[in-house]
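All chains are named by letter (A, B, ...) in the order of the sequence lines, taking the proteins before the strands, and each is independently numbered beginning at 1.
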Amino acid sequence: MPKLPREFYQQEDVVSVAKQLLGKMLFTNIEGVLTGGIITETEAYDGVVDKACHAYGGRNTNRTVTMFLAGGVTYVYLCYGIHHLLNVVSGKEGNPQAVLIRAIEPTLGIETMLLRRKMEKLAPRITAGPGALSQALGIGKQLNAKSLSADEIWIEEFTNYQETEIVATTRIGVAYAEEHALWPFRFYVKGNKFVSKPNS
DNA sequence: TTCCCGATTTACT
DNA sequence: GTAAATCGGGAAA
């Protein structure tokens with residue numbers, strides 16, 4: 001399937017991008033080893049007006065500068081000193097919006113993922129959760145600010161879900177963002193097992 | 001330079 | 001259900 005075009009990432013509405021990313025295929029090519037799967041869970045971070053966003057209020061630093069790039073690149077950073085989290089930067093240059101990829105359903109390179117996760121057999125938790133996902137795909141800071149049009153990490157067309165198949169709810173781990181923590185910016189595929197929190 | 005804390009996961013009670 | 005692990009970024013001084 002073809003890679004998503006640059007225009008896809010540069011849509012103005014990050015919430016729309018987050019929803020459309022569900023059902024797309026995410027791949028990484030780490031030193032020639034391919035792994036990938038179907039995106040099942042995302043979260044939107046809406047730039048300067050979103051207290052949960054690292055670039056809230058226009059904060060532009062060595063880390064967050066990546067989010068100000070034009071849509072279509074990765075934003076990877078370390079959280080809790082342990083976990084790498086993968087985001088897709090969206091919107092126009094200067095507008096620091098991003099979509100956190102929280103979970104995928106593995107389809108390619110499952111053996112490699114099992115090795116990286118030190119697991120013996122396939123279970124949803126292998127890629128359910130942003131830290132786990134990054135580990136399974138071999139994502140680290142070396143993949144920060146990479147173009148999604150190149151051949152190290154990219155996203156391909158696959159499926160489009162209807163609104164009725166998508167669940168919108170509150171984001172996770174952002175209680176510090178006060179009232180913005182209540183924004184329904186987390187999206188996942190209804191009924192899918194590869195989601196970072198118990199399904200309903 | 002110092003101090004505080006986080007877009008989490010995992011192990012253990 | 002609860003807690004520990006662990007380190008870089010951001011803000012203050």
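- Using a 4.0 Å heavy-atom distance criterion, A/Ala132 is classed as a sugar-phosphate-only contact.
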In a table with atom names and distances, give each donor-acceptor pair under 3.5 Å that connects a side chain of residues 158-165 of chain A to protein atoms at least two apart or in another chain.
residue  : atom : partner  : partner atom : Å
A/Asn160 : OD1  : A/Lys24  : NZ           : 2.8
A/Glu163 : OE2  : A/Lys19  : NZ           : 3.3
A/Glu165 : OE1  : A/Gln162 : N            : 2.9

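- Think of the region where chain A sits on DNA chain B: with heavy atoms and a 4.0 Å cut, that region ends 5' and 3' at B/dG6 to B/dT10.
- Environment of CD in A/Glu179: crowded, with over 12 heavy atoms of neighbouring residues, nucleotides or ligands closer than 6.0 Å.
- Nucleotides of DNA chain C that come within less than 4.0 Å of any heavy atom of chain A span, from the 5' end to the 3' end, C/dA5 to C/dA11.
- Listed by first then second residue, pairs satisfying ring pair (Phe, Tyr, Trp, His ring centres under 6.0 Å) with a partner in residues 76-129 of chain A read A/His54-A/Tyr77, A/Tyr75-A/Tyr77, not counting sequence neighbours.
- Contacts of A/Ile172 with the nucleic acid, taken as non-hydrogen atoms under 4.0 Å apart, involve only primed sugar atoms and P, OP1 or OP2.
- A donor and an acceptor atom, one from each side chain of A/Thr35 and A/Thr28, are located under 3.5 Å apart.
- At the heavy-atom level, A/Arg63 lies under 4.0 Å from the strands shown only through sugar-phosphate atoms.
- In this structure, A/Arg117 reaches the sugar-phosphate backbone alone: every heavy-atom distance under 4.0 Å involves primed, P, OP1 or OP2 atoms, never a base.
- Looking at A/Arg186 and A/Thr169, their side chains never bring a donor and an acceptor atom within 3.5 Å of each other.
- For the residue pair A/Gln20 / A/Gln11, a side-chain donor-acceptor distance below 3.5 Å is found, with atom types taken as modelled.
- For A/Asn87, there are no side-chain hydrogen bond (donor to acceptor under 3.5 Å, both in side chains) partners two or more places apart in sequence or in a different chain.
- Side-chain polar atoms of A/Glu41 and A/Ser196 form a donor-acceptor pair below 3.5 angstrom.
- At distances below 3.5 Å, at least one donor-acceptor pair connects side-chain atoms of A/Thr74 with backbone N or O atoms of A/Leu143.
- No side-chain donor-acceptor contact under 3.5 Å links A/Arg116 and A/Gln135.
- Every stem involving DNA chain B, taken as at least 3 paired positions in a row under the Watson-Crick or G-U wobble test at 3.5 Å, is listed here: B:1-6 with C:7-12, B:8-12 with C:1-5.
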